[in-house]
Amino acid sequence: MTGYLLISCAAKAKGLTIVTHNVKHFEHIEGLDIISLCALVTSSTSDRSSWRC
């Protein structure tokens, strides 16, 4: 939990936006801009056509 707090404080102090797939770790911090990042899922056959968010 300490890492998320440190990242949040640094981003908020600099006015930066956090881009992450773990939105739930940051959404409780007031005034923090967060963008949800969708992860690319690859299969064992290297098919890169399927996405998940």
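As the structure is a computational prediction, the values presented were derived from the model and not from experiment.
- Relative ring orientation between Tyr4 and His25 is described as parallel, the plane-to-plane angle staying below 30° on a 0-90° scale split at 30° and 60°.
- With rounding to the nearest 0.5 angstrom, the CG atom of Leu32 is 5.0 Å from the OG atom of Ser8.
- With sequence neighbours excluded, the residues satisfying side chain to side chain contact (heavy atoms under 4.5 Å, CB included) with Asp33 are Thr17.
- In this structure, OG on Ser36 lies 12.5 Å from NZ on Lys24, to the nearest 0.5 angstrom.
- For Leu16, the side chain to side chain contact (heavy atoms under 4.5 Å, CB included) criterion is met by Ala11, Lys14, not counting sequence neighbours.
- Contact detail for Thr20 and Phe26: the closest heavy-atom pair is CG2-CD1, 3.8 Å.
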- Message: Apply side-chain contact (heavy atoms from CB on, under 4.5 Å) to residues Ile18 and Ile7 and explain how you reach the verdict.
- Response: CA-CA 8 Å; Ile18 293 184; Ile7 292 168; 3.8 Å; yes
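- In terms of heavy-atom proximity, Glu30 sits nearest to Lys12 at O-NZ, 2.5 Å.
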